[in-house]
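Below is one structure, written out as structure tokens; comments come after it.
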Amino acid sequence: MKRTHYCGAVNEDHVGKAVILQGWVNRRRDLGGLIFLDLRDREGLVQVVVDPESPAFATAERLRGEYVVEVEGDVRLRPAEQVNPELASGKIEVVARRIEVLNEALTPPFPVDASWRGEDDPAERVNEDLRLKYRYLDLRRQKMLARLKLRHQVEHLIWRFLSDEGFLQVETPFLTRSTPEGARDFLVPSRLEPGKFYALPQSPQLFKQMLMVAGVDRYFQIARCFRDEDLRADRQPDFTQLDMEMSFVSQEDVWEINERLVQYVFREALGVELALPFPRLPYQEALERYGSDKPDTRFGLEIRPAEDVFAGSDFRAFAGVVEDGGVVRGLVAPAELSRKQIAGLEEVAKRYGAKGLAWVKLTSDGASGGIAKFLEAERLRAWGLAPGQTALFVADDRQVALEALGQVRLALAELLGIERTGWNFLWVVDFPLLEWDSDLELWTYMHHPFTSPYEEDLPLLDRDPASVRAKAYDLVLNGTEVGGGSIRIHRMELQEKMFAVLGIPKQEAEEKFGFFLEALRYGAPPHGGIAWGLDRFLALMSGAESIREVIPFPKNQSGRDPLTGAPAPVAPEQLAELHLKIVE
RNA sequence: GGCCCCGUGGUGUAGUCGGUUAACACACCCGCCUGUCACGUGGGAGAUCGCGGGUUCGAGUCCCGUCGGGGCCGCCA
């Protein structure tokens, strides 16, 4: 190729050398008798200067933003007083001898040049749908290219680390069988077999387990997954997992290698040194202290039992709840909250199922406001409330009270502007194996039906299903679930027992997972693994508000791609081939 | 399915109590300008105020509906 250097790579080492650059006109400054160009490629900017005597001058006069040009010239130092410290190439400039227009360009619908000069980027504030429609322009921005690079780098590091640890990368099919897992499947109609469908995988779960049966021993894949559910800032219908599985391992083995992988990725990609091991927090403790199974531990404001504060009090609303087997939990807000602020927090509590949010302030004169008349200041002090602080209480079923306060805790941190910095990884472990589904009135799996319980909890399966712990774990970073996995059931007897507890008849299990259950009968080794939500991981690493920022071509909240117009109608002939009819 | 927020030149916004010519910045086009780097400077073009209906003498503004976008709940093992 003719190009000798990336624009962003030209520096004072090249002074006196002739270069040929190819790139985009980031900006043009026309002084009349002298023209400056900022030439841009993915590595950065370099200033090109065009003298009126140069044969390139006429061409430079007709250049506009985003034109694609080839520049041949000589690198020289800028006059000392004209060095631009904002630019990596700010000490030098390229004197153009020849400029060729490789392509003209329309004016972009939003600016893409500012970020490259280190200026405030107006494109950060344009309607996101417009950015998605012209994503190829949006991706020209420095910040977006940096995210693409980070994504590449992290995936590269994952490949390197896991390969060195003896993992094999194995690809699994996109066109597979619909199995009754958690989410709604994307279906692909079969042309060859009328009325039958493939499904796109929600995860490679069963395939990776069968790879363990095959003796692969250590598997990974950076796998695309598909779930047909409503979208969110952290949810796309197709998204990427780092999927891993290992044979003959304990939970601790899985945690340990993942911790080292995370540490390696953060060190190499961000220059951040993480301390190992990550804290391991049992699910019940996470719930009691933070009201969440994915606690943000970058700040305190922990939830506390508050029954003692209300013991013997005349506040009947709470006494009744406790008599009915509920609990009282509270939070201390280290400030005197206004009524408006409390109303906002109560709204949060109610959205998550609480009936209300009781509150009281402690002043130097004693308890005041809210439910103060029911409470003794002495007890509030004993509970930990100091003057100038506000106590917030919820009484309800344990789960509801804790989860509502967990959300209030997050809203409170936001409200008070509590600083949340750092990289707080932790493992939430010992999830319950089962969860009561009050709609269907039966026990259902919390993780998936192949998750292994703790052996010592097995006797409880019949007596007290809720207290059986699973060998299931989540990796949490700053209040976001970035990974989850488990040790799997590898023996048929236990698997059958699980189906029985879940109320799935043997015949139904065979129908739905028969191929997989059969695999377990052929000498399946003990195994377990994890899957990372790689998009979420990258969004957190790059400080993005939404995973759309780290996905090159994402869908909008309606599941549409404004760039391609997908989803779109198809020709009647295509439907006919697939034996499909649209029903209005 | 539900709750909340937002739709005004290419982009981002202003537009008061409903009042006649819809304002500002950036971008764009043309002229001038030899050391700029948010270049400067003079001029210019550019708006079905998302769409439909209603109230009114008069609607960007008020009301109803609808469409689009964003955040959240449900849903997402």
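Letters A, B, ... are given to chains in the order of the sequence lines, protein chains preceding strands, and every chain is numbered from 1.
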Self-check item: Side-chain ion pair, A:K143 and A:E549, N-O less than 4.0 Å
Solution: no
Quiz item: Which of these nucleotides, B:U34, B:U11, B:C28, is closest to any side-chain atom of A:L130?
Solution: B:U11
Quiz item: What distance, rounded to whole Å, do you find between the two C1' atoms, one in B:G9 and one in B:C49?
Solution: 10 Å
Quiz item: Does a distance-only test, which skips hydrogens and angles, find a donor-acceptor pair under 3.5 Å between the side chain of A:E93 and the base of B:G35?
Solution: yes
Quiz item: Looking at B:C73, B:G35, B:C75, which one has an atom nearest to any side-chain atom of A:L34?
Solution: B:G35
Quiz prompt | Whole-angstrom distance between B:C39 and B:C29, as gauged at atom P | solution = 14 Å
Quiz item: OP1 or OP2 of B:C29 sitting under 4.0 Å from any side-chain N/O of A:R62?
Solution: no
Quiz item: Among B:G70, B:A38, B:G74, which nucleotide sits nearest the side chain of A:R232?
Solution: B:G74
Quiz item: In terms of the angle between their ring planes, are A:Y134 and A:Y136 parallel, tilted or perpendicular, with boundaries placed at 30° and 60°?
Solution: perpendicular
Quiz item: Any luck finding a side-chain donor-acceptor pair between A:Q47 and A:R29 under 3.5 Å?
Solution: yes
Quiz prompt | Separation of the C1' atoms in B:U41 and B:U34, to the nearest angstrom | solution = 16 Å
Quiz prompt | Pairs meeting criterion salt bridge (charged side-chain N to carboxylate O under 4.0 Å, His left out) with involvement of residues 550-567 of chain A, two or more places apart | solution = A:D238-A:K555
Quiz item: If we call it a pair only when both distances are under 3.5 Å in a Watson-Crick or G-U wobble match, what pairs with B:U41?
Solution: B:G31
Quiz item: Side-chain donor or acceptor of A:R125 under 3.5 Å from a matching atom on the base of B:G70?
Solution: no
Quiz item: Hey, does the side-chain of A:R560 have a donor or acceptor N/O within less than 3.5 Å of a partner on the base of B:G68?
Solution: no
Practice problem: Please check the phosphate of B:G69 (OP1 and OP2 only) for any side-chain N or O of A:N127 closer than 4.0 Å. | Solution: no
Self-check item: Aromatic stack A:F36/B:U36: centroid gap under 5.5 Å, interplanar angle under 30°
Solution: yes
Self-check item: Residue matched to B:G68 through Watson-Crick or wobble contacts both under 3.5 angstrom
Solution: B:C6
Quiz item: What distance, rounded to whole Å, do you find between the two C1' atoms, one in B:C17 and one in B:G60?
Solution: 15 Å
Quiz item: Nearest to the side chain of A:R548 - B:C39, B:G70, B:G74?
Solution: B:G70
Self-check item: Minimum-distance nucleotide to A:R235 side chain [options: B:C72, B:C76, B:U36]
Solution: B:C76
Practice problem: Compare the minimum distances between each of B:C39, B:G69, B:G10 and the side chain of A:D129, then state the nucleotide with the smallest one. | Solution: B:G69
Exercise. Among the candidates B:A38, B:U34, B:G1, find the nucleotide nearest to the side-chain atoms of A:D230.
Key: B:G1
Exercise. Check ring-ring contact (aromatic ring centres under 6.0 Å, His included) between A:F197 and all other residues, then give those that pass, not counting sequence neighbours.
Key: none
